[in-house]
Amino acid sequence: MSVQSNTKSMIMKKSLSASWPIIIGIVLIALTMRSPLTSVGPLAGSIRESLGLSNTAAGLLTTLPLLAFSLLSPFTPILARRFGVERTMLYALVLLMAGIAIRSLGATVPLMAGTVLLGLAIAVCNVLIPSLVKRDFSHHVGLMTGVYSVSMNLFGAIASGVSIPLARDLGFGWTGALGIWGALALLATLLWFPQAQASRVSAGAATGGASSRRSLWRSPLAWMITLFMGMQSLLFYVLIAWLPEIMTSRGLSEDSAGWMLSLFQIAALPVSFIVPIVAGRMKNQRVLVIFMTVLLFVALGGLYFGGNAFIALWTILLGIGGGCAFSLAMIFLSLRTKDAHDAAALSGMSQSVGYLLAAAGPTLFGLLHDITASWNLPLLLLLAVSALLLIPGLGASKNHTV
């Protein structure tokens, strides 16, 4: 028994060590998946004033990518079966560069059009990375989910924090501060290109090759994961879009508000790495779901009822709770599926419906602020969402597969 265990351990280690090129590629792609989005929030005021946009219209800068996620996610597994996982992701990176460039032209129409394009590109990567992890790292799902989750959150936090200094102190303006992330997408494209060239396996084979399986749309567990994905995404993207504005309404400077948004995301980094590893070793994830819900509720309650004395504490707790929620949503896609084909299908379903739900958030919350001239009602709604997140979270934590 011991010999078998040691042999299995050696095979797993060999498999992981032989996969460093694809691991590095996944990390680089993950770095590009949030920075183009999180860089917008701190610059929302500058963009709004420069182009004469309302809060509702400015909210579209966060809503449009989510609508793009929702639109393309269910079709991404089909594209991957047609072109291959690696090549589909390469095409997405090229589209991402184009979207970032167009968005940075400095006018309203290119701003919105480029935002849609980069949203479509990120949608492809969002869907296919969990499938790639399930296919190539089936013995290390928790570890690899933690690796790409922390990579996304790290550069998301950096992008939020440096947006204002880039735009104002270095003289890039809001267009340059948004456009600079195209360089990161270019680097990811160049380093992913060998993977796409070397790939000779069709995505149909890579994702299990099954084309006639029971539809996940009839699975209660799949719907619990989808609702969990949508609600945690709604919380995240509303905060990414409007947390700096909420902070400045409390009297913080633009710089401080931008760094608070970074603090929110930096606080998520440790749990983004640790939670998937811990979750992967648990029979079910109910304890983590309850822990996450309590943190989110306390943090949002503190922002609503408290003053500025503990605002950094509430921001940190919010980041920890949000990081836990995101990590659970990602690992559910692997833990609750039998193979890479199901992982891609569940990822497509959950991100399609989930991001459609999340897409309503930034625009709705901007509209509520425009109507009430206050952030109190939006914060109350976020408080309610954080409490309701417990229901699909507990449903998704059941130890079954779709």
Inset, instruction - Would you mind reporting whether Leu93 and Phe193 have side-chain heavy atoms less than 4.5 Å apart? - result: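 No; the side chains remain at least 4.5 Å from each other.
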
Legend entry - Side chain proximity check, Val238 to Leu382, heavy atoms < 4.5 angstrom: yes

Inset, instruction - Measure from the side-chain N and O atoms of Ser347 to the backbone N and O of Val127, and report whether any donor-acceptor pair falls under 3.5 Å. - result: yes

Inset, instruction - Measure from the side-chain N and O atoms of Arg250 to the backbone N and O of Ile311, and report whether any donor-acceptor pair falls under 3.5 Å. - result: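 No.
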
Legend entry - Over all atoms of both residues, closest heavy-atom pair of Ser350 and Thr226: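 Closest approach of Ser350 to Thr226: CA-OG1, 3.3 Å.
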
Inset, instruction - Apply the test side chain to side chain contact (heavy atoms under 4.5 Å, CB included) to residues Leu234 and Tyr237: give CA-CA distance (whole Å), side-chain angles for both, the deciding distance (0.1 Å), then the verdict. - result: CA-CA 5 Å; Leu234 185 148; Tyr237 284 104; over 6 Å; no

Inset, instruction - Verify side chain to side chain contact (heavy atoms under 4.5 Å, CB included) between Leu303 and Ile246, making sure each step is shown before the conclusion. - result: CA-CA 10 Å; Leu303 282 178; Ile246 293 171; 5.9 Å; no

Legend entry - Short side-chain to backbone donor-acceptor contact, Trp242 and Pro362, under 3.5 Å: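 Checked: pair present.
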
Legend entry - Nearest heavy-atom neighbours spanning Leu184 and Leu31: CD2-O, 3.4 Å

Inset, instruction - Could you check Thr145, Val124, Ile29, Leu333 and say which one makes a side-chain contact (heavy atoms from CB on, under 4.5 Å) with Ile129? - result: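 For Ile129, the side-chain contact (heavy atoms from CB on, under 4.5 Å) check succeeds only for Ile29.
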
Inset, instruction - Work out which heavy atom in Leu186 is nearest to a heavy atom in Met97; give both atom names and the distance. - result: CA-SD, 3.4 Å

Legend entry - Any side-chain heavy-atom pair of Ile22 and Phe137 under 4.5 Å: yes

Inset, instruction - Ignoring hydrogens and angles, tell me if any N or O in the side chain of Thr248 forms a donor-acceptor pair with the backbone of Pro244 under 3.5 Å. - result: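 Answer holds: yes.
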
Legend entry - Where Leu178 and Ser104 come nearest, the two heavy atoms and their spacing: C-OG, 3.7 Å

Inset, instruction - Decide if the gap between the ring center of Phe326 and the ring center of Phe236 is smaller than 6.0 angstrom. - result: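 Here the rings of Phe236 and Phe326 have centres that are no less than 6.0 Å from each other.
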
Inset, instruction - Report yes or no: does Ser73 contribute a side-chain atom to a donor-acceptor pair with the main-chain N or O of Gly348 at less than 3.5 Å? - result: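 Pair absent, no side-chain N/O of Ser73 close to backbone of Gly348.
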
Inset, instruction - Find out whether Thr115 and Pro65 are in side-chain contact, i.e. whether some heavy atom of one side chain is under 4.5 Å from a heavy atom of the other. - result: yes

Legend entry - Side-chain heavy-atom pair Leu364, Leu368 within 4.5 angstrom cut-off: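 The answer is yes, as the side chains (C-beta and beyond) meet within the 4.5 Å cut-off.
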
Inset, instruction - Drop me the distance from Leu394's CG to Asn284's CG, to the nearest 0.5 angstrom. - result: 9.0 Å

Legend entry - Smallest separation among heavy atoms of Thr38 and Gly156, with atom names: OG1-O, 2.8 Å

Legend entry - Intermediate values then yes/no, side chain to side chain contact (heavy atoms under 4.5 Å, CB included), Ile122 and Arg34: CA-CA 8 Å; Ile122 294 172; Arg34 275 199 174 169; over 6 Å; no

Inset, instruction - Enter the distance from Met260:CE to Ile316:CD1 here, rounded to the nearest 0.5 Å. - result: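 Met260 atom CE to Ile316 atom CD1 measures 8.0 Å (nearest 0.5 Å).
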
Legend entry - N/O donor-acceptor pair under 3.5 Å between Gln285 side chain and Ala279 backbone: yes

Legend entry - Trp217 backbone acceptor or donor facing Trp223 side chain under 3.5 Å: yes

Legend entry - Minimum side-chain heavy-atom gap Ser334-Met144 below 4.5 Å: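 The answer is no; the side chains never approach within 4.5 Å.
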
Inset, instruction - Return the orientation label for the His369 and Trp375 ring planes: parallel under 30°, perpendicular over 60°, tilted otherwise. - result: parallel

Legend entry - CA sep, side-chain torsions, deciding dist, call: Leu389, Met292, side chain to side chain contact (heavy atoms under 4.5 Å, CB included): CA-CA 9 Å; Leu389 189 58; Met292 166 211 75; 3.8 Å; yes

Legend entry - Sidechain-backbone polar pair: Thr63 side chain, Ala359 backbone, donor-acceptor under 3.5 Å: yes

Legend entry - Backbone N/O of Gly25 and side chain of Gln195: donor-acceptor pair under 3.5 Å: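 No.
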
Inset, instruction - Work out which heavy atom in Pro378 is nearest to a heavy atom in Phe365; give both atom names and the distance. - result: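 Closest approach of Pro378 to Phe365: O-CE2, 2.9 Å.
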
Legend entry - Flag side-chain contact, heavy atom, 4.5 Å: Tyr148 against Pro130: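 When only atoms from C-beta onward are counted, Pro130 and Tyr148 do touch, with a gap below 4.5 Å.
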
Legend entry - Side-chain heavy-atom pair Arg336, Asn399 within 4.5 angstrom cut-off: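 Yes - at least one pair of side-chain heavy atoms lies under 4.5 Å apart.
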
Inset, instruction - Mark yes or no for whether Trp174, through its side chain, and Ala167, through its backbone, hold a donor-acceptor pair below 3.5 Å. - result: no

